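These figures come from a predicted structure and were not determined experimentally.
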Number of protein chains: 2
Amino acid sequence: MTQAGPTGDDLVEMLAALSNPLRLRIVAQLAAGRDYVSHLARVIGISRPLLHMHLRRLEAAGLIAGNLELSDDGKAMKYYQVTDFSLHLTASTLAEAAKTLTTPDPAEGPGR
Amino acid sequence: MTQAGPTGDDLVEMLAALSNPLRLRIVAQLAAGRDYVSHLARVIGISRPLLHMHLRRLEAAGLIAGNLELSDDGKAMKYYQVTDFSLHLTASTLAEAAKTLTTPDPAEGPGR
DNA sequence: ATCACGTGTAAGTGCGCTGTTACAGGTGCA
DNA sequence: TGCACCTGTAACAGCGCACTTACACGTGAT
């Protein structure tokens, strides 16, 4: 095995991105098919600036990916879609990921 | 299948509990064996009040469980241990969980 | 009594997340 | 020219999380 999951920091970022009801809805909606920002905002029922913020977080975590395209009538549309992520969370996989945390480890001792 | 994972709300709570470096360390440490609060705080290197807060969140999410015991010398010790959780996160499992979210769904329409 | 160990909680601070409103720019069409 | 779409970002308010310091209470040993 050794499966090499994400690093501890990346995992924390992914979990933080998913630990929000709205972002969970966004991922769920995109799982049904790619969509562009304005339409997605209408479907979910939130403002575009707000959706924009959440999309940034999800994309930064590597859970979704967006690319700008030009529609037939020349409009710039940004389409987002989910990436092929798969996380298995158990006590042991988390313990494995925790080894690669770069965040301040208080137990490391404050350097001297 | 149908595997019946946690509800959307529970899932969000679990992910929120795990999306923190310190709490990830706590789970990792407990995965190596049960421990009591004061000792755990010393091992990880944080204050007891802070650890106490994080333990509350982890326990509320159902990821760890604690029970008070009396040591041989009569001291009250609270031992914590990880529960047997197992979460598989993919776009489709998340979409499934999102269906059971009770948090305000803006798209539902404001009731009238 | 005082110390060393365990438990828990209340109060205060700093900061980041969430969400709003407002603005600025682009295209195609009447 | 004005409207209807699309995109993005800046500015601001509210709130909860993370963390510290301080306190209160219990035991057994010196």
Side-chain angles (χ1 to χ4, degrees), chain A residues 9 12-27 34-61 63-80 101 103-107 110, chain B residues 9 12-27 34-61 63-80 101 103-107 110:
Chain A
D9 296 340
V12 168
E13 189 174 10
M14 290 186 194
L15 296 179
L18 292 175
S19 66
N20 178 290
L22 235 54
R23 285 196 288 268
L24 207 55
R25 283 188 206 280
I26 294 172
V27 171
R34 62 203 294 270
D35 202 353
Y36 62 95
V37 183
S38 287
H39 183 249
L40 189 55
R42 262 175 271 134
V43 169
I44 298 185
I46 62 178
S47 66
R48 267 177 301 112
L50 180 57
L51 176 61
H52 191 260
M53 188 197 66
H54 287 306
L55 289 175
R56 276 179 62 87
R57 268 183 88 87
L58 286 170
E59 187 171 28
L63 298 170
I64 65 174
N67 65 313
L68 204 59
E69 301 180 10
L70 286 179
S71 66
D72 293 345
D73 57 344
K75 283 178 181 135
M77 323 272 283
K78 187 150 193 183
Y79 277 87
Y80 278 95
L101 280 175
T103 40
D105 184 347
Chain B
D9 296 341
V12 168
E13 189 174 11
M14 291 186 191
L15 296 179
L18 292 176
S19 66
N20 178 290
L22 236 53
R23 286 196 288 268
L24 207 56
R25 283 188 206 279
I26 294 172
V27 171
R34 62 203 294 269
D35 201 355
Y36 63 96
V37 184
S38 288
H39 183 250
L40 189 55
R42 261 175 271 134
V43 169
I44 299 186
I46 62 178
S47 66
R48 268 177 297 110
L50 181 57
L51 176 60
H52 191 260
M53 187 197 68
H54 287 307
L55 289 175
R56 276 180 61 86
R57 268 182 87 88
L58 286 170
E59 187 171 27
L63 299 169
I64 66 175
N67 64 315
L68 204 59
E69 301 179 12
L70 286 180
S71 66
D72 293 345
D73 57 345
K75 283 179 181 133
M77 324 272 283
K78 187 150 192 183
Y79 278 88
Y80 277 96
L101 280 175
T103 42
D105 184 347

Could you state the atom-to-atom distance from [atom1] of [X] to [atom2] of [N] in whole Å?
X       : N      : atom1 : atom2 : value
A/Glu13 : C/dG16 : CD    : P     : 15 Å
A/Arg25 : C/dT18 : CZ    : C1'   : 15 Å
B/Asp35 : C/dG6  : CG    : P     : 10 Å
A/Met53 : C/dC17 : CE    : P     : 9 Å
A/Leu55 : C/dT18 : CG    : C1'   : 15 Å
A/Leu58 : C/dC17 : CG    : C1'   : 14 Å

Side-chain touch [X]/[Y], heavy atoms, less than 4.5 angstrom:
X       : Y       : value
B/Arg34 : B/Asn67 : yes
A/Tyr36 : A/Glu69 : no
B/Val12 : A/Asn20 : no
B/His54 : B/Leu50 : yes

Check: Would you say B/Arg56 has more than 12 foreign heavy atoms packed within less than 6.0 Å of its CZ?
Finding: no
Next item on the list: Take A/Arg56 and A/Lys75, find for each the nucleotide of DNA chain D with the closest heavy atom, and name the residue whose nucleotide sits nearer the 5' end.
Entry: A/Lys75
Margin query: Tell me which residues in residues 64-74 of chain A lie within less than 4.0 Å of DNA chain C, going by non-hydrogen atoms.
Written below: A/Asp73, A/Gly74
Notebook entry, point to check: Does B/His52 make a side-chain N or O approach to OP1 or OP2 of C/dT9 shorter than 4.0 Å?
Noted result: yes
Margin query: If the cut-off is 4.0 Å, is B/Lys78 near the phosphate of C/dG8, judged by side-chain N/O to OP1 or OP2?
Written below: yes
Note to self: Regarding B/Arg23, tell me which of base, sugar-phosphate or nothing describes its non-hydrogen contacts under 4.0 Å with the strands shown.
What the structure shows: sugar-phosphate
Next item on the list: Scan B/Arg48 against the nucleic acid and name what it touches under 4.0 Å (heavy atoms): base, sugar-phosphate only, or nothing.
Entry: base
Item checked: Interatomic spacing from CG in A/Leu63 to CG in A/Leu55 - rounded to 0.5 Å -> 11.5 Å
Checklist line | First and last nucleotide of DNA chain D, 5' to 3', lying under 4.0 Å from heavy atoms of chain B | finding: D/dC17 to D/dG28
